[in-house]
Amino acid sequence: MTDLAPIPPTLHLRTLGDAVVTVNGQPLVWPARSAEDLLWYLHAHPGGAYRADLLADLWGLEDTPAAANRFRVALHRLRATLGRADAVSEVRGRYTLHPDLLAASDTAALQTALQAASLARTDAEREAVLRRALACVEGEYLPQVRSDWVEEARAGWRVARVRVYVALATLHCARRECPLATQALTRAVQADPLIGEDHHQRLMTCLAQTHGRFEAVEHYRRYRRYLREEVGDTPMPDTVAIAERLKAGELLCREAELERGQARG
């Protein structure tokens, strides 16, 4: 009788809304914070990073022999905890996370879903793929990390989340599914208030259709206040014009107006 090879453990890296590594569905216990910090840093830098940058960003250290030894210990613990000697590789001084580990993360699933949505042949197929993408999106990237080094990656994944919500809203708008479009657009502007102003305009008109003009105007006022206090700017004239029309009780549909404009063009 032939002995069966052991089934390798299934690793999963959750980074959106939480920062957790699971092995066969169970949260991984880290022997040291430095090993976990190193994992998330390398995940946020898939192209790799030099040791000097790692030491400075993670621990505020110069690349001295003592700091290099601390890095080697963290690297050893990371590989041992994940059970993979190849978890991190070094090529010409750059340290990178193994592609298998990057592929085992929720961000990889989100990327795959966005790519599949762009290739979908029907609206129903595109919506199904986008819904799968949303299943990967639970919040900000590595929310527990409070360091400058994460901000660029965090902004990039925030853009990806917003793309999913906007794409879903566009599908629902085209089918005149106003409540679903409103829900998707609301989540988009919550994720990124500085999303394009046309999306705020569309949300205002959707809110008027689904929740009434008072809710639509209130969103406009919140947006105007946000621009003034956080950006030092004001809404565009056509946004103001839409708000005034909504105040007057006019029910607008941005999708219908865009279609009429295209027809006249």
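Values in this document were obtained by computation on a predicted structure and should not be read as measured data.
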Is any side-chain heavy atom of [X] less than 4.5 Å from a side-chain heavy atom of [Y]?
X	Y	result
Trp30	Leu39	yes
Tyr141	Arg161	no
Val88	Thr96	no
Leu130	Leu171	yes
Asp100	Arg84	yes
Val240	Thr234	no
Leu142	Tyr41	no
Arg51	Leu55	yes

What residues, two or more places apart in sequence or in another chain, satisfy side-chain hydrogen bond (donor to acceptor under 3.5 Å, both in side chains) together with [X]?
X	answer
Ser34	none
Arg121	none
Asp18	Arg14, Gln144
Gln183	none

If two hydrophobic side chains count as joined below 4.5 Å and joins carry through other members, does [X] share a cluster with [Y]?
X	Y	result
Val23	Leu82	yes
Leu180	Val189	no
Leu78	Trp59	yes

Considering non-hydrogen atoms only, spot the tightest contact between [X] and [Y] and give its length.
X	Y	result
Thr107	Ser105	OG1-OG, 2.8 Å
Cys206	Leu185	SG-CD1, 4.1 Å
Ala85	Arg79	O-NE, 3.3 Å
Ala19	Trp40	C-CZ2, 3.6 Å
Val145	Arg154	O-NH2, 3.0 Å
Ile195	Ala188	CD1-CB, 4.0 Å

Rounded to the nearest 0.5 Å, what's the gap from [atom1] on [X] to [atom2] on [Y]? Could you check?
X	Y	atom1	atom2	result
Leu42	Leu75	CG	CG	8.5 Å
Ile242	Asp238	CD1	CG	6.0 Å
Gln201	Leu246	CD	CG	10.5 Å
Glu140	Thr15	CD	OG1	11.0 Å
Thr182	Arg202	OG1	CZ	11.0 Å
Thr239	Met204	OG1	CE	6.5 Å

Identified side chain to side chain contact (heavy atoms under 4.5 Å, CB included) counterpart of His43 within the set Leu101, Val21, Leu13: Leu13
Arg163, CZ atom: more than 12 neighbouring heavy atoms under 6.0 Å: no
More than 12 heavy atoms from other groups under 6.0 Å of CD on Glu229: yes
His199: partners by ring-ring contact (aromatic ring centres under 6.0 Å, His included), with sequence neighbours left out: none
Where at least one partner belongs to residues 211-221, residue pairs that pass side-chain hydrogen bond (donor to acceptor under 3.5 Å, both in side chains), sequence neighbours excluded: His200-His219
Pairs meeting criterion side-chain hydrogen bond (donor to acceptor under 3.5 Å, both in side chains) with involvement of residues 64-73, two or more places apart: none
Restricting to side chain to side chain contact (heavy atoms under 4.5 Å, CB included), what partner residues turn up for [X], sequence neighbours left out?
X	answer
Leu134	Arg131, Val164, Tyr165, Leu168
Val29	none
Ala113	Val129, Ala133

Gln111 vs Trp157, side-chain contact (heavy atoms from CB on, under 4.5 Å): CA-CA, chis, key distance, verdict: CA-CA 9 Å; Gln111 279 184 319; Trp157 292 115; 3.5 Å; yes
Members sharing Leu194's hydrophobic cluster (side chains within less than 4.5 Å): Tyr223, Tyr226, Leu227, Val231
Give a yes or no on whether the backbone of [Y] and the side-chain of [X] come within a donor-acceptor separation of less than 3.5 Å.
X	Y	result
Asp106	Leu16	yes
Arg94	Gly48	yes
Arg126	Ala120	yes

Pairwise ring pair (Phe, Tyr, Trp, His ring centres under 6.0 Å) hits with a residue in residues 67-89, at least two apart: Phe71-Tyr95
side-chain contact (heavy atoms from CB on, under 4.5 Å) evaluation trace for Asp53 with His45: CA-CA 11 Å; Asp53 295 328; His45 298 81; over 6 Å; no
